[in-house]
Number of protein chains: 2
Amino acid sequence: MAKDNEIISLKNVIEDNLPSISIDIAIFGFHENHLRILLLKNKDKESWTLPGGFIGKEESLEEAANRLLFSRTGLNNIFLQQFHAFGDPERTRINKRAELLKEQYAKDQYAQEFIEWVLGRFITIGFYALVEFTEVEPKHDIFTIECRWHDVQDLPLLVSDHQSIIETALKTLRQQLNYQPIGLSLLPHEFTMPELQRLYETLLGKTLDRRNFQRKMLSYKILERLPTKRKGGAYKAPYLYRFDKESYEEALQNGLKDLW
Amino acid sequence: MAKDNEIISLKNVIEDNLPSISIDIAIFGFHENHLRILLLKNKDKESWTLPGGFIGKEESLEEAANRLLFSRTGLNNIFLQQFHAFGDPERTRINKRAELLKEQYAKDQYAQEFIEWVLGRFITIGFYALVEFTEVEPKHDIFTIECRWHDVQDLPLLVSDHQSIIETALKTLRQQLNYQPIGLSLLPHEFTMPELQRLYETLLGKTLDRRNFQRKMLSYKILERLPTKRKGGAYKAPYLYRFDKESYEEALQNGLKDLW
DNA sequence: CCAAAAGTGTTAAGTGTACACCCATGC
DNA sequence: GCATGGGTGTACACTTAACACTTTTGG
């Protein structure tokens, strides 16, 4: 049975949001040389869902996306960008999440209204976000039972067209590698050159020459080499770097002369 | 006063389409070394509007965009691609088109319903289309009094955020020059190298070296030189070329190694 | 001292840029 | 023949790609 505040929030969903339109966000993080994506586990315990939600009647798309991103990660001021609208009429024809809710809240009038609303056709605006992996505190919502990272190479069963949304997001991410501050967004403030290289290699799906990578990266003049080195690891200690945000964004205006 | 079929069509607009979402299309053509865009003149005789419309309840975004494109140009199978969703809550706060209609159809119940519907907030999915200028037969709709080409360098007053939609479309067009069959879509089947160069120069907003342009273009192996030359003009007759569609699309997979 | 990783240097091959030259056409 | 535009060739600068060598660290 729904708790009071859940009932109220379900009722408000219809009143406060635009109909027929939703937002889904592919939230990417980078950890241990793997690109990860934040997913929510549905109550059916089988399928997973992209974080997402609806657009307030007085909210812009970007405001809504930032609000939704914050509610899953606890983060603000994150790189977030829309990349595609998904509007196949079949995409929300079967909505398992809502069907299950319908049974669960069978005696609840507001919930039933909500379920009818949410079972209708939706067009979703896909966003992708890039976050620093370690800063995220995943939080699931009332429709789901878990929120955690998945390797993009090893995705679980996803509802509706979310698999395809993720694939499009990844494709966009790769295409924009030289036009968006992707390194700055996915890595911690301080990182080593090999770490940056692993990120590029992961995103591009191929290995790069260590020496040429370093030279090219430095030639962009967007990195600041710090006096400290990373101690503790075996072998020679690598320098630490930090992005010079200003130079980075300036350089991205024309794109980092392509590329590998 | 509205004619019968207009009343019916207004009523059907609400019943047949998704609420809160629209489509606007920036239709580009290239003629006499100028990039043009197809615009509709509103009944106020002052402002212009992008071609657009709504999405049928069983239609995909692409189907809707193609239907709308056909209704303004008479063309099918045209290069058409979504590029951005515009969702500022202010963007449709003032809708002159609907306000004028409201007066005009004051005694008409269906029209009033329609006007209320259309005055609400809309999120619009922006598409851009590339057409062969000479093949288009511009047709205006019942909300407008004229449909004609405008030079993108010399745009008239536009409603709402349509100016900004056009600017975003142009920016996207330039960015995708090496990744989409833009030449093939905007030029006639047969064209000369200088004509192709003018197109690139216009899109990029800068002049290119004639000789290097030719060499680079030919190096892509996407052009077929025809035995005939363009007669009639003054001076030396240039060769005619035609895109090899298959090679072109294959080459675009990896992008035409950049670029000018 | 050795292995492994990081930093720097060198060079040949390839690409881009700027320009010189020749060809075709109309007047 | 000359002005104009179209087609081809070439030299040079610069970038890229491949690889050698040196330095640092833990064991």
Side-chain angles (χ1 to χ4, degrees), chain A residues 32-33 177-179 183 187-188 190-202 204-243 251-252 254-260, chain B residues 32-33 177-178 183 187-188 190-243 251-252 254-260:
Chain A
E32 290 173 348
N33 295 342
L177 192 50
N178 294 296
Y179 299 93
L187 291 176
E190 300 184 355
F191 51 88
T192 67
M193 193 59 79
E195 284 165 358
L196 181 59
Q197 186 178 341
R198 297 295 164 268
L199 172 59
Y200 271 75
E201 288 180 336
T202 302
L204 295 168
K206 62 177 170 187
T207 57
L208 303 168
D209 183 282
R210 182 176 66 82
R211 297 150 285 194
N212 294 333
F213 179 85
Q214 166 135 333
R215 192 144 14 108
K216 191 161 206 170
M217 265 298 158
L218 292 176
S219 76
Y220 293 145
K221 312 259 185 222
I222 58 175
L223 294 177
E224 181 188 355
R225 180 183 281 186
L226 303 175
T228 50
K229 299 189 177 189
R230 169 146 304 169
K231 301 285 180 179
Y235 319 123
K236 181 170 182 177
Y239 287 106
L240 283 170
Y241 292 88
R242 178 194 295 159
F243 278 105
L252 289 168
N254 304 316
L256 298 180
K257 276 241 205 63
D258 36 356
L259 10 7
W260 353 69
Chain B
E32 291 173 349
N33 295 343
L177 193 51
N178 294 296
L187 291 176
E190 300 183 355
F191 51 89
T192 66
M193 193 61 77
E195 284 164 359
L196 181 58
Q197 185 179 341
R198 300 293 165 268
L199 172 60
Y200 271 75
E201 289 180 335
T202 302
L203 290 175
L204 295 168
K206 62 178 171 187
T207 57
L208 302 169
D209 184 282
R210 182 174 67 82
R211 297 149 285 195
N212 295 332
F213 180 85
Q214 166 134 334
R215 192 146 18 107
K216 191 162 206 168
M217 265 297 159
L218 292 176
S219 77
Y220 292 145
K221 311 261 185 218
I222 59 175
L223 294 177
E224 183 189 352
R225 180 181 280 185
L226 304 175
T228 48
K229 298 190 178 190
R230 169 146 304 169
K231 301 283 180 183
Y235 319 122
K236 182 170 179 177
Y239 287 106
L240 283 170
Y241 292 88
R242 176 195 295 160
F243 279 106
L252 289 168
N254 304 316
L256 299 180
K257 273 238 208 64
D258 36 353
L259 6 347
W260 356 70

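Here is the naming used below: chain letters follow the sequence lines, and residue numbers restart at 1 for every chain. Values in this document were obtained by computation on a predicted structure and should not be read as measured data.
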**Asked** To the nearest Å, how far apart are B:Lys216 NZ and D:dT8 P?
**Response** 18 Å

**Request:** Find out whether A:Leu196 and A:Phe243 are in side-chain contact, i.e. whether some heavy atom of one side chain is under 4.5 Å from a heavy atom of the other.
**Result:** yes

**Item:** Point-to-point distance, once rounded to the nearest 0.5 Å, from CG of B:Leu252 to CG of B:Leu177
**Value:** 9.5 Å

**Message:** Nearest 0.5 angstrom please: A:Tyr220 OH to A:Asn178 CG, how far?
**Reply:** 6.0 Å

**Prompt:** Can you tell me how far P of D:dT15 sits from CG of A:Leu218, to the nearest Å?
**Reply:** 15 Å

When you compare the protein's N or O atoms with those of nucleotides 25-27 of chain D, which come within less than 3.5 Å of each other, and at what distance?
unit_1: D:dT25; atom_1: O4'; unit_2: A:Tyr235; atom_2: O; d: 3.4

**Message:** I'd like to check the side chain to side chain contact (heavy atoms under 4.5 Å, CB included) partners of B:Glu195; sequence neighbours left out, ordered by chain and number.
**Reply:** B:Phe191, B:Thr192, B:Arg230

**Message:** I need the CE-C1' distance between A:Met193 and C:dG7, as an integer number of Å.
**Reply:** 10 Å

**Message:** I want to check something: taking the side chain as every heavy atom from C-beta on, are B:Ser219 and B:Arg215 in contact at a cut-off of under 4.5 Å?
**Reply:** no

**B:Tyr200 side chain reached by B:Leu208 side chain, heavy atoms, under 4.5 Å** = yes

**Phosphate OP1/OP2 of C:dT8 contacted by A:Gln214 side-chain N/O (<4.0 Å)** = yes

**Item:** Any A:Tyr241 side-chain heavy atom under 4.5 Å of A:Leu218 side chain
**Value:** yes

**Prompt:** Rounding to a whole Å, what distance do you find between A:Glu195:CD and C:dA6:C1'?
**Reply:** 13 Å

**Spacing between A:Asp209 atom CG and D:dA20 atom P, to the nearest angstrom** = 12 Å

**Prompt:** What integer distance in Å separates B:Phe213:CZ from D:dG6:C1'?
**Reply:** 14 Å

**Asked** How sharply is the helix from C:dC1-D:dG27 to C:dC27-D:dG1 bent, taking the axes over five pairs at either end and rounding to 10 degrees?
**Response** 10°

**Asked** Roughly how far apart are B:Gln214 CD and B:Gln197 CD, rounded to 0.5 Å?
**Response** 9.0 Å

**Item:** Most 5' of B:Arg225 and A:Arg210 on DNA chain D, judged by nearest nucleotide
**Value:** B:Arg225

**Request:** Can you run down the salt bridge (Lys or Arg N to Asp or Glu O under 4.0 Å) pairs that involve residues 218-228 of chain A, sequence neighbours left out, and say none if there aren't any?
**Result:** A:Glu224-A:Arg242

**Fill in**
Interatomic distance, CD@A:Glu201 vs NZ@A:Lys206, rounded to 0.5 Å, equals 10.5 Å

Which atoms of nucleotides 9-13 of chain D (N or O only) lie under 3.5 Å from a protein N or O atom, and what are those distances?
unit_1: D:dT10; atom_1: O4; unit_2: B:Arg215; atom_2: NH2; d: 3.4

**Partner residues of A:Asp209 under the side chain to side chain donor-acceptor pair (under 3.5 Å) criterion, sequence neighbours left out** = A:Arg211

